[in-house]
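In what follows, a single structure is set out as structure tokens and then discussed.
Every chain is numbered from 1 and lettered A, B, ... according to where its sequence line falls, protein lines coming before strand lines.
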Amino acid sequence: MGRYLARRLLSAIPVILGITVIVFLIMSLIPGDPATAILGSYATPENVEKLNRDLGLDKPLFQQYFIWLGNMLHGDFGTSYSLNRPVIDEVLDRFSATLILAGVSFVLCSVFGIMVGVISAARQYGLADKALTFAVLIGISIPSFFLGMLLILIFAVRLKWLPASGMFAIYGGGDLPDLINHLILPAFALSVVATGVVARLSRSAMLEVLRQDYIRTARAKGVGERDVIWRHALKVAMVSIIPVLGIQAGFVLSGAVYIEVVFQWPGVGRMLVDAILKRDILLVQGGVTFVAACYVLFNIVVDIAQSLLDPRIKT
Amino acid sequence: MFGPFKASQSLMALTAALALTVGATVTSKAQTPPGVLIVGQIAEPKSLDPAAVTAQNDFRILVNIYDGLVRYKDGTLEVEPALAESWDISDDGTEYIFHLREGVTFHDGTPLNAEAVKFNFERMLNEDHPFHDTGPFPLAFFFSSIDSIEAVDDLTVKMTLSEPYAPLLSNLAYPTGLIVSPTAVGANGADFGRNPVGTGPFKFAEWRSNELVAVEAYADHWDGAPASEAVVFRPITDANTRTAEMLSGGLDIMSEVPPVSLSEFQNDNFQIYEQAGPHLWFLILNLKEGPFTDKLVRQAANYAINKTAIVENVLEGTAEVAAGPTPPAFAWAYNEALEPYPYDPEKAKALLEEASPETTELTFYVTEGGSGMLDPVAMGTAIQADLNAVGFDVSIETYEWNTFLGEVNPGLEGKADMAEMAWMTNDPDVLPYLTLRSEAFPDQGGFNSGYYSNPEVDELLQTARVSTDQDERAEAYKQMQEIVHEDAPWVFVANWKQNAVSGANVENFQLQPSFLLELKDVAKN
């Protein structure tokens with residue numbers, strides 16, 4: 001197990017390095033430069049040139065890359081131009097907000113997705129199955145940002161039940177009920193598509209397992225149907241469901257970008273969108289690298305979970 | 001019964017539990033606390049250091065934290081005393097002596113005195129100043145005519161100019177001229193922009209990244225305590241979400257309402273505000289090469305474009321058709337006699353035929369969006385269609401705003417025949433001086449990207465700039481407008497009317513022609 005873990009962690013290094021190269025290149029290739037963004041409409045070419053020099057952006061690309069990478073290895077992600085704040089502080093602040101949103105959505109999509117999938121499979125072609133399959137189809141088909149706007153319109157603007165945006169009430173909030181209040185709409189909007197995907201795959205995984213001989217054996221031995229499905233079959237089906245959950249975790253993390261913009265959730269996704277619009281190169285580079293690294297690590301965790309559950313995977 | 005049924009039961013139970021949680025946590029309909037104004041803004045401020053920022057969005061917060069030596073009189077662009085109680089200008093217009101108000105302190109207790117004022121301007125202008133590196137200061141050129149600044153005594157400041165410069169007072173009233181606490185700059189250095197200290201009616205309380213900037217009433221303000229206990233500025237970048245937040249009651253005031261959303265607020269729960277300001281949306285024409293070297297062709301373009309349709313349909317009535325280079329908001333300097341070029345495609349065709357340029361192919365730079373640009377892509381497309389209809393052949397090239405500035409500011413030569421542009425300014429001098437003078441060609445550090453040059457205009461602008469007699473200045477600007485209108489180095493398109501919406505319970509709110517958001521006297525019931 002230790003060796004497997006070490007191997008997986010080592011293999012993550014080139015991946016993360018590759019990400020830094022890509023992120024760096026993309027940010028240097030996209031149009032617009034930070035000096036113009038900082039100086040605004042009144043930027044004369046002369047001032048732009050001077051500021052670019054001050055920011056070290058006149059150096060050759062590869063040199064800029066290695067300076068950036070070197071600093072990052074020392075934990076220095078640079079200072080955001082637009083926020084005038086260390087990138088790492090900003091990213092860490094924001095990442096917790098994203099983790100809350102994506103985490104809750106992930107739990108929602110896992111729990112509800114698996115439940116729906118299992119129920120559908122157990123009642124294959126029954127009324128419940130047909131109704132759920134239809135609901136899942138709708139869930140998968142609605143773009144999450146559209147659903148988000150729809151939810152805001154209904155629950156915030158018309159019914160005024162829930163806040164339209166933000167993470168906490170501006171005044172007098174800050175406690176858990178307040179957070180939940182603000183979390184309901186975005187977490188729901190974010191989890192719907194993923195729930196649908198998990199439900200579909202859980203259904204087919206369960207159907208696959210339910211056809212196996214050992215299930216028939218279990219039933220023949222008199223194991224109750226409830227135990228057969230929830231204990232025996234689901235445990236085996238989980239082996240094929242977990243990788244899907246891993247993918248969905250990445251999906252909700254990336255989907256959080258739209259949802260954060262629509263709901264003004266103060267997470268890392270919205271930060272990145274703002275940073276791109278403001279040409280805040282260091283913030284984008286640092287933010288994307290950080291999120292990508294987390295994503296890679298998360299995948300390792302999923303792999304390990306899978307290997308623990310499925311003895312066929314060699315550790 | 002068997003399992004799945006139980007499972008669906010528990011699913012229902014869970015859903016019910018979730019619904020209950022929703023019900024339990026919903027306290028009442030969204031409501032903002034009493035005494036606190038929540039203001040929805042289009043973006044997070046870049047910095048709260050007035051010398052370091054250029055965006056209206058940031059200025060709206062700054063004017064509530066800081067005061068300048070002078071300020072714009074309520075509802076006008078005329079200058080009145082603020083931190084300076086009075087001032088004397090020497091006869092030759094090169095010496096300004098400001099007499100500061102007595103007993104004013106910054107929020108951190110630092111006294112406002114001549115040294116503090118001196119510190120402020122030297123920080124921006126003097127590259128050797130120990131805190132010059134807290135910049136960059138993109139608008140420092142507003143004060144570049146200041147040669148030296150001197151603390152005559154504790155409450156008297158003398159500014160000596162290198163040449164007479166009439167817009168100085170108006171520039172001092174602009175947010176770039178707001179006075180910051182030297183102690184706070186010394187203590188925070190480059191972080192001052194996140195820990196702002198001024199003398200204004202509100203003192204800075206908190207900045208939560210991308211959530212809010214909060215300011216609290218400063219009861220000791222020299223001009224009296226503000227009407228609200230606090231103001232919270234919330235950045236909500238997405239226009240739909242901003243509108244939804246306002247509709248759901250999460251905001252008291254919202255600036256820059258998208259034109260298409262205005263109708264949502266036309267009911268008893270809200271008040272809509274509109275105010276014209278010194279804004280001009282125009283097309284820069286390339287006078288160095290291509291068809292627009294010919295005045296007739298430039299006039300043809302002005303006749304060809306249906307500005308009324310753009311203003312009414314694309315901008316939903318949130319702007320007015322522009323007549324010339326000076327926005328009407330500068331009432332004293334605006335030439336009332338000037339009429340906008342009417343929409344007259346036949347006349348345009350005739351002019352084009354008369355001029356018969358070698359080519360009618362035009363490259364048109366359009367931006368995706370940017371400060372003051374309103375709806376640039378839709379406007380660009382409408383303009384393209386109008387020009388094509390009279391015989392031009394316009395191809396659009398679209399750029400992201402910063403890239404666009406990087407292409408346009410260095411000049412259009414060799415690249416494009418026309419480009420969109422918009423300016424918001426504080427004095428009738430700024431726009432023509434930086435964009436229409438012969439000496440403002442891009443290679444000389446100006447913004448005359450279309451290379452317009454007319455000695456008469458140069459002379460009038462110089463006269464207006466050095467004169468301290470407002471009537472004389474006004475006369476010069478009016479003549480300048482006539483000449484520029486006739487020469488048509490630009491297509492004059494629109495003057496934006498800024499808008500805002502507030503809850504019906506908000507009192508004393510008013511938009512200012514300066515585009516600033518003065519909230520001192522605004523109260524909520």
Side-chain angles (χ1 to χ4, degrees), chain A residues 31-33 36-48 51 82-85 90 93-94 112 115-116 118-119 122-123 128 149 152-153 156-157 160-167 170-172 177-178 180-181 184 224-230 261-264 266 270-271 274 278-279, chain B residues 2-4 6-8 10-11 14 21-22 24-26 29-30 32-33 36 38 43-44 46-47 53-55 136 138-139 141 190-191 193-194 208-212 232 234 236-238 240-241 244-245 247-250 370-372 399-403 405-406 409-410 423 442 445-447:
Chain A
D33 72 314
T36 318
I38 291 169
L39 295 170
S41 326
Y42 300 94
T44 60
E46 206 176 297
N47 290 343
V48 169
L51 190 57
S82 66
L83 300 169
N84 205 0
R85 198 169 175 228
E90 185 67 19
D93 273 6
R94 301 301 207 84
F112 284 94
M115 272 186 162
V116 168
V118 170
I119 294 165
R123 297 287 198 86
M149 289 197 263
I152 291 179
L153 193 66
V157 175
K160 297 196 198 292
W161 285 1
L162 289 166
S165 69
M167 184 165 167
I170 292 300
Y171 266 72
D178 183 38
I180 294 174
N181 217 359
I184 293 168
E225 187 65 21
R226 198 172 147 183
D227 277 355
V228 166
I229 288 174
W230 292 101
V261 171
V262 171
F263 287 93
Q264 297 294 302
R270 210 182 113 214
M271 178 200 81
D274 288 346
K278 290 177 187 162
R279 293 298 175 272
Chain B
F2 68 97
K6 287 277 187 199
S8 58
S10 48
L11 188 69
L14 233 159
T21 331
V22 176
T25 50
V26 172
K29 69 174 207 170
T32 57
V36 179
I38 313 253
E44 163 136 71
K46 189 153 90 179
S47 159
V53 297
T54 61
L139 299 181
F141 68 83
D191 266 349
R194 282 215 154 229
R208 273 188 249 157
S209 281
N210 266 283
E211 258 189 281
L212 58 88
V232 175
R234 289 187 58 192
I236 307 181
T237 36
D238 186 81
N240 292 319
T241 308
E245 191 66 84
L247 287 169
S248 71
S371 172
Y399 294 91
E400 176 278 326
W401 179 236
N402 288 315
T403 317
L405 290 175
N409 285 353
W423 281 67
F447 295 89

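Looking at every heavy atom in both residues, A:Lys160 comes nearest to B:Leu247 through NZ-O, 2.8 Å.
For B:Leu212, the part lying near chain A is the side chain, with the backbone staying farther off; criterion is any non-hydrogen pair under 4.5 Å. Neither the backbone nor the side chain of A:Val48 comes within less than 4.5 Å of any heavy atom of chain B. Of the atoms belonging to B:Phe141, it is side-chain heavy atoms, and not backbone ones, that fall under 4.5 Å from chain A. Of the atoms belonging to B:Pro136, it is side-chain heavy atoms, and not backbone ones, that fall under 4.5 Å from chain A. When heavy atoms are compared at a cutoff of 4.5 Å, B:Ile38 approaches chain A solely by way of its side chain, counted from C-beta outward.
Note: A:Ser165 leads A:Ala164, A:Ala156, A:Ser165 in heavy-atom pairs under 4.5 Å with chain B. Note on A:Asn47, A:Val157, A:Asp227: by heavy-atom pairs under 4.5 Å with chain B, the leading option is A:Val157.
Here A:Arg85 contributes atom CZ and B:Asp191 contributes atom CG; the two are 9.5 Å apart, rounded to the nearest 0.5 Å. Expressed to the nearest 0.5 Å, how far CD1 of A:Ile152 lies from CG of B:Asp238 amounts to 8.0 Å. To the nearest 0.5 Å, atom CD of residue B:Glu44 and atom CZ of residue A:Arg270 are 7.5 Å apart.
By the side-chain hydrogen bond (donor to acceptor under 3.5 Å, both in side chains) test, B:Ser47 is found to be paired with no residue, residues two or more places apart in sequence or in another chain being considered. The side-chain hydrogen bond (donor to acceptor under 3.5 Å, both in side chains) search around A:Arg279 returns B:Glu400, not counting sequence neighbours.
Of the possible donor and acceptor atoms, none in the side chain of B:Thr241 sits under 3.5 Å from a partner among the backbone N and O of A:Phe263.
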